[in-house]
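Here's the structure, in structure tokens; my notes come after.
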Amino acid sequence: MRFEERSVRTMERYVDSKLYRIRHSAAHVMAQAVLEKFPEAKIAIGPPIEDGFYYDFDLPRPLTEEDLAEIEARMREIIREGYDFTRREVSADEARALFADQPYKLELIEGLDRGGQDEYGEKTSEPVVISTYTQDTFEDLCRGPHVANTREINPDALSITFKAPAGAYWRGDEHREMLTRIYGTAWETAEELEEYLALLEEAKKRDHRVLGVKLDLFVIDPLVGKGLPLWKPKGAILRETLERFLRQAQMERGYQPVVTPHIGKLDLYRTSGHYPYYKDSQYSPIDVDGEEFLLKPMNCPHHIMIYKSELHSYRDLPIRYAEFGTVYRYEQSGELTGLTRVRGFTVDDSHLFVTPEQLLDEFIEVVRLTQFVFGSMGMSDFRVRVGTRDPESDKYVGDDASWEHATASIIQACEQLDLNYVVEVGEAAFYGPKLDFIFRDVLKREWQLGTVQVDYNLPERFELEYIGEDNERHRPVMIHRAPFGSLERFIGILIEHFNGAFPAWLAPVQAVLIPVSDRHLDYAREVAQQLRAAGMRVEVDDSSSRMGAKIRHQTQMRVPWLLIVGDRDIEKSAVSVRLRTGEDLGTMGVKEFISHATYLIDVKSLALD
RNA sequence: GCCACCCUAGCUCAAUCGGCAGAGCAAACGCUUCGUAAGCGUUAGGUUAUGAGUUCAACUCUCAUGGGUGGCUCCA
């Protein structure tokens, strides 16, 4: 079952669940405690969320840890005192009077009263009843639902100190006030809370930024620049292995490699529309002999110029140009994170030029390739999103008809592929709608990896053509696609997905030879040479530590196969095989091990035995 | 970019109230030569992120800059 299906189902149950009411009620109790401590505070909204709840406040000063502890203690008191939650419906005017000194609530009331907006500022078609919930001295504008009494919240299964207070814009708008968001988590039992906190701790250890350093995969050095990762040898091998894998898959599917430079004239991007539509995410132009150049933010214009360099017949199509193209985008400093959000990254890019008749089939093939890529890694925890244009925004190029066409094709393909997709307005690329594969990292943040986009607009802007069967000129349609999305982000997610324990075909070091004592080193080196000759990535641990320490170290480095060699093994031209899981496969002849290991590598097995 | 917090040896972290900067791991060297998750010893390693300021005295207090973390906004 896909992540998507699971989450939709659990979300449906969630709003009706007791846990949801507990968390919603805990948010109200928190607001009461905060208002008691800061009577001048302004309150915004406080909904339940996955794993907890939050409430946004406009506070007179920043919060300290002591403040949070105090608020949390007061919450427990309120809970134990046992107040009923009582609901009442009020008219808009009554509500305005009740919340006269709460500007954010007044704004919400306006939305409710005017209609078309619910409590959270979301659009709604339902007529809205204004209601409030009261516990003890605190009355909040709220549609509920809540528990009947504060005693239903377990004071020992509650925490608001587990996460630092955070900034959040009022109504998610960066031009509005910056509020202070306090996150809380609440469960039915203390055990569940403990389990949850333990899980968070575990997740931190899986963080690709932590593992990336530990496993020597990459570094990010401020002197080079933030958001500009440097790949160390082991990370580079992982990267190259992934590239080789996809190149092979693409070759089998009729893709052709192309190679293009990292900069291009500003006029190229004026033609494509990247400039000005994509201007905010680009670096300033570079002056070269009086002409302006841009670091490329996308590969499409370069690939388009290759298409345009000759006249194409319908017989040539589909044309599929592929390149691991490195692009540079300006990202605001606060949103850079490890490998998942960087300023220079490599897209496993391809642009397909197809006839309108070929579009659907090609699109489906591309989605299948993407599914194949994820399947090869055992990655199934993703959701599929159709990103469409926001008709009210002006950051898109092209006319309505081509957008409708493109969107319809994507939906049709999804239906035909029986994909469990969700349509999200405003998530399109500036030149066309897209189908995205979205994963979550260990901290549950969502990241778009694979993407497939349909584009009628760039062919128009560049006046692309092919000669049809009728000997007339026709306009091709473009598909932009990247199964990985970007190597950087993909590897970041991959590290967390495998907790650093990559399947053998991806592991930077596939086997390490561990001599029982130094006098077995020569044999170890000899065996290592044989494994290398068979195409394996092998190291010999000739450090000065003892065997036990080497086993421990190499296990922590997640090397798939530890090959221990001593007198007994030399005698039989063998190795003693131990897996990084701790499992002992016993003694195997060197040749036997090679055929065993290379087989598992060849078939890209996820298992080691 | 915005709000908050953080920055001490390569890594993880100590250092009472403002009073001589310390440990483990890693590294180098030496001893040990060992059969499935840490053998022993020695040495080296620091302008406490950077720059100003307050003070008799700053890792500690203030300000600025850089970098990081958690959110928000924005995105592959």
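Atoms considered below: every heavy atom in the structure, side chains included; atoms not considered: hydrogens, waters and symmetry mates. Throughout, a chain's letter reflects where its sequence line sits, starting with A, and its residues are numbered from 1.
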Open item on the list: Checking base pairs now: Watson-Crick or wobble, both atom distances under 3.5 Å. What partners B/U42?
Closed with: B/A28
Task: Rounded distance in Å - CG (A/Asp221) to P (B/G66) - done: 17 Å
TODO: Mind telling me whether A/Trp403 and A/Tyr396 have parallel, tilted or perpendicular rings, with 30° and 60° as the class edges?
DONE: perpendicular
Open item on the list: Please classify the nucleic acid contact of A/Asp567 as base, sugar-phosphate, or nothing, using heavy-atom distances under 4.0 Å.
Closed with: base
Task: Residue matched to B/G70 through Watson-Crick or wobble contacts both under 3.5 angstrom - done: B/C3
Task: Cationic N near anionic O, under 4.0 Å, A/Asp436 to A/Lys434 - done: yes
TODO: Mind checking A/Glu174 for me? I need base, sugar-phosphate or nothing, with any heavy atom below 4.0 Å counting as a touch.
DONE: sugar-phosphate
- [ ] Using Watson-Crick or G-U wobble geometry with both distances below 3.5 Å, tell me the partner of B/G53, or none.
- [x] B/C61
TODO: Please state whether the rings of A/His274 and A/Phe430 are parallel, tilted or perpendicular, taking 30° and 60° as the class boundaries.
DONE: perpendicular
TODO: Determine the contact category for A/Ala164: base if any of its heavy atoms lies under 4.0 Å from a base atom, sugar-phosphate if only primed atoms, P, OP1 or OP2 are that close, otherwise nothing.
DONE: nothing
Task: Base partner of B/U48, which must satisfy Watson-Crick or wobble distances under 3.5 Å - done: none
Open item on the list: Using a strict threshold of under 4.0 Å (side-chain N to carboxylate O), is an ion pair present between A/Glu583 and A/Arg578?
Closed with: no
TODO: Give A/Arg578 one of three labels, base, sugar-phosphate or nothing, depending on what nucleic acid heavy atoms sit under 4.0 Å from its own.
DONE: base
Task: Base-pairing assignment for B/C34 (Watson-Crick or G-U wobble, both under 3.5 Å) - done: none
TODO: Send over the distance from A/Leu215 CG to B/G10 C1', rounded to a whole Å.
DONE: 16 Å
Task: Side-chain donor/acceptor of A/Gln453 to base of B/A76, under 3.5 Å - done: no
- [ ] Tell me what A/Gly334 touches on the nucleic acid: a base, only sugar-phosphate, or nothing, going by heavy atoms under 4.0 Å.
- [x] base
TODO: Check every strand shown and say whether A/Leu63 touches a base, only sugar-phosphate, or nothing at a heavy-atom separation below 4.0 Å.
DONE: nothing
Open item on the list: Any base atoms under 4.0 Å from A/Ser576, or only sugar-phosphate, or nothing? Heavy atoms, all strands.
Closed with: base
Task: Selected nucleotide, minimal atom distance to A/Tyr330 side chain, candidates B/G1, B/G71, B/A76 - done: B/G1
- [ ] Just name whichever nucleotide pairs with B/C75, Watson-Crick or G-U, keeping both distances under 3.5 Å, else none.
- [x] none
- [ ] Taking atom C1' in both B/U48 and B/G1, compute the distance separating them and give it to the nearest angstrom.
- [x] 30 Å
- [ ] For A/Pro165, answer base if it contacts any base atom (sugar-phosphate contacts may also be present), sugar-phosphate if it contacts only those atoms, and nothing otherwise; contact means non-hydrogen atoms under 4.0 Å.
- [x] base
TODO: Between A/Ser333 and A/Thr581, name the one whose nearest nucleotide on RNA chain B is closer to the 5' end.
DONE: A/Ser333
Open item on the list: Quick check: any donor-acceptor pair below 3.5 Å linking the side-chain of A/Asp569 to the base of B/G35?
Closed with: yes
Open item on the list: Starting the side chain at C-beta, find the nucleotide from B/G71, B/A37, B/A76 nearest to A/Arg341.
Closed with: B/A76
Open item on the list: Between B/C3 and B/U65, how far apart are the two P atoms, rounded to whole Å?
Closed with: 12 Å
Open item on the list: From CD of A/Glu571 over to C1' of B/G35, roughly how many Å is that when rounded to an integer?
Closed with: 14 Å
Open item on the list: Whether the A/Trp170 and A/Asp56 side chains hold a donor-acceptor pair (N or O, under 3.5 Å, no angle test) is what I'd like checked.
Closed with: no
TODO: Looking at every strand, decide which applies to A/Lys204 at a 4.0 Å heavy-atom threshold: base, sugar-phosphate, or nothing.
DONE: nothing
TODO: Would you kindly check whether a donor in the side chain of A/Tyr169 faces an acceptor in the base of B/G1, or vice versa, at under 3.5 angstrom?
DONE: yes
- [ ] Kindly confirm whether the side-chain ring of A/Trp447 is stacked on the base of B/A76, judged by centres under 5.5 Å and planes under 30°.
- [x] no
Task: Presence of salt bridge, A/Arg383 and A/Glu424, under 4.0 angstrom - done: yes
Task: Any A/Lys226 side-chain nitrogen or oxygen under 4.0 Å from OP1 or OP2 of B/G67 - done: yes
Open item on the list: For a quick check of understanding: with a heavy-atom distance under 4.0 Å over all strands, which category does A/Gly566 fall into, base, sugar-phosphate or nothing?
Closed with: base
TODO: Using Watson-Crick or G-U wobble geometry with both distances below 3.5 Å, tell me the partner of B/G22, or none.
DONE: B/C13
Task: Pairing of A/Arg440 and A/Glu50 as salt bridge, 4.0 angstrom limit - done: yes
Open item on the list: Under 4.0 Å, counting only non-hydrogen atoms across every strand here, what does A/Tyr183 touch: a base, just sugar-phosphate, or nothing?
Closed with: sugar-phosphate
Task: Rounded distance (Å) that lies between atom P of B/U69 and atom NE2 of A/His208 - done: 9 Å
Open item on the list: Once you apply a heavy-atom cut-off of 4.0 Å, does A/Val327 come out as touching a base, just sugar-phosphate, or nothing?
Closed with: nothing
TODO: For A/Leu336 and for A/Arg546, find the nucleotide of RNA chain B with the closest heavy atom, then tell me which residue's nucleotide is more 5'.
DONE: A/Arg546
- [ ] Looking at every strand, decide which applies to A/Arg209 at a 4.0 Å heavy-atom threshold: base, sugar-phosphate, or nothing.
- [x] sugar-phosphate
Open item on the list: Does A/Val516 reach a base, just sugar-phosphate, or nothing at all? Heavy atoms under 4.0 Å.
Closed with: base
Open item on the list: So for A/Arg343 and B/C75, does any side-chain atom that can act as donor or acceptor lie under 3.5 Å from a complementary atom in the base?
Closed with: no
TODO: Report the C-alpha distance between A/Arg239 and A/Thr346 in whole Å, list the side-chain angles of each, state the deciding distance to 0.1 Å, and finish with yes or no for side chain to side chain donor-acceptor pair (under 3.5 Å).
DONE: CA-CA 10 Å; A/Arg239 227 181 117 116; A/Thr346 302; 2.9 Å; yes
